[in-house]
Amino acid sequence: MPFRPAVIATTAAVALSWASPALAHGVSGGDAAFLASASGWQIGPYLYLGAKHMVTGYDHLLFLVGVVFFLTSMRDVALYVTMFSLGHSLTLLTGVLAHIHLSPHLVDAVIGLSVVYKAIDNLGGFRQLGLNFDPRFAVLGFGLAHGFGLATKLQDLQLSADGLVPNMVAFNVGVELGQILALSFILLLMTWWRSHPAFSRQAVAANVVLMVAGFVLFQYQLIGYFTE
């Protein structure tokens, strides 16, 4: 049986959806211990941890896959990714620095729905219902949710006020660098996949899997919220 690009997309989406959704925006283990105890300017470590968060944050990656799935123009990719980055950066920095705290489970549930939204949009579901959402502002809005998702987790670590502003700016820069790295790989994979004649048919199945993965994340977080 030939190795199909769709196998990569569906297997990855299923595996990511069944990984522990609680860690999607979380910071655990040694990273959490470092952040909780660090004080003063820690630019290098915060840059690294920001990039690591994005590269390993599968909820971010699932959403980005959905966003760029049918984008073939680099100009469009840059526009949508910029909208997402603006939203993510705004709430990440504002949430931590202004101490705006929301329920992590509810925020992450919205993030799960962001994946569902993009999959349905890619499948043309909203057009069939006669709904006309501006995808640019939808991506911006969900970017705000993604930023709050991490902000709530960072606040739980009781970060030191000493050096907090430069450290958070460094963390955010790291997130954006990690996004560029992850996006480069995603675009290479998508370009390769689109070169296959069966892409159109496989794309439908892949977006259905993407939608299911989003619903899994959404359900997991709601269960966590009501049983916490």
Side-chain angles (χ1 to χ4, degrees), residues 16-17 19-39 42 45-64 67 83-118 138-179 182 213-228:
L16 290 173
S17 70
S20 175
L23 298 178
H25 270 98
V27 182
S28 60
D31 294 343
F34 168 78
L35 291 174
S37 62
S39 63
Q42 301 283 345
Y46 270 81
L47 273 171
Y48 165 75
L49 291 175
K52 179 181 178 181
H53 165 75
M54 175 56 76
V55 172
T56 60
Y58 52 84
D59 49 358
H60 287 315
L61 300 181
L62 288 173
F63 184 66
L64 284 176
V67 168
M83 298 292 278
F84 176 70
S85 296
L86 285 175
H88 186 276
S89 298
L90 178 62
T91 48
L92 169 58
L93 293 173
T94 303
V96 174
L97 299 178
H99 306 290
I100 301 173
H101 193 275
L102 302 175
S103 167
H105 286 297
L106 291 183
V107 175
D108 283 350
V110 173
I111 291 171
L113 288 180
S114 74
V115 179
V116 174
Y117 156 78
K118 205 66 201 78
V139 169
L140 174 64
F142 283 123
L144 295 172
H146 280 251
F148 261 130
L150 180 55
T152 56
K153 300 299 192 301
L154 290 175
Q155 289 179 73
D156 288 340
L157 298 176
Q158 301 296 313
L159 301 177
S160 172
D162 183 14
L164 181 61
V165 173
N167 287 341
M168 288 310 305
V169 171
F171 188 91
N172 190 70
V173 171
V175 167
E176 299 310 319
L177 292 175
Q179 179 170 272
F215 274 125
V216 169
L217 294 173
F218 172 73
Q219 179 185 26
Y220 187 98
Q221 296 300 336
L222 282 189
I223 292 173
Y225 177 75
F226 287 110
T227 59
E228 190 175 52

Heavy atoms of Asp59 and His146 approach each other most closely as O-CE1, 3.8 Å
Return the CG to NE2 distance between Leu140 and His88, rounded to the nearest 0.5 Å. 12.5 Å
NE2 of His101 to CZ of Phe148, rounded to nearest 0.5 Å, is 10.5 Å
Is the backbone of Ser39 close enough, under 3.5 Å, to the side chain of Ser160 for a donor and an acceptor to pair up by distance? no
So, for Ala151 and Leu92, which heavy atoms are closest and what is the spacing to 0.1 Å? CB-O, 3.9 Å
Could you tell me whether the side chain of Asp108 reaches within less than 4.5 Å of the side chain of Thr152, counting heavy atoms only? no
Spacing of Met168 atom CE and Leu97 atom CG [to the nearest 0.5 Å]: 6.5 Å
As an exercise, state the distance from CG of Leu64 to OH of Tyr58, rounded to the nearest 0.5 Å. 15.0 Å
Is any side-chain heavy atom of Gln219 less than 4.5 Å from a side-chain heavy atom of Ile223? yes
Are the side chain of Ser89 and the backbone N or O of Leu86 linked by a donor-acceptor pair below 3.5 Å? no
Closest heavy-atom contact between Lys153 and Pro104? NZ-CB, 3.6 Å
Verify, without hydrogens or angle tests, whether Ser114 (side chain) and Ile111 (backbone) share a donor-acceptor contact under 3.5 angstrom. yes
Assign the ring pair Phe218 / Phe215 to parallel, tilted or perpendicular, where the plane angle (0 to 90°) is split at 30° and 60°. perpendicular
Can you measure from OG1 (Thr227) to NE2 (His105) and round to the nearest 0.5 angstrom? 7.0 Å
For the side chain of Gln155 and the backbone of Gly95, is there at least one donor-acceptor N/O pair under 3.5 Å apart? yes
Atom of Tyr46, atom of Leu159 and distance for their closest heavy-atom approach: OH-CD2, 3.9 Å
dist His53:NE2 -> Leu49:CG (nearest 0.5 Å) comes out at 11.0 Å
If you apply the rule side chain to side chain contact (heavy atoms under 4.5 Å, CB included), what do you find for Leu154 with Phe171, and how did you get there? CA-CA 11 Å; Leu154 290 175; Phe171 188 91; 4.2 Å; yes
Quick one: does Gln42's side chain have a donor or acceptor within less than 3.5 Å of a partner on Asn167's backbone? no
Looking only at heavy atoms, which two atoms of Phe142 and Val110 are closest? And how far apart? CE2-O, 4.1 Å
Minimum-distance pair of heavy atoms, taken over all atoms of Leu61 and Ala182: CD2-CB, 3.6 Å
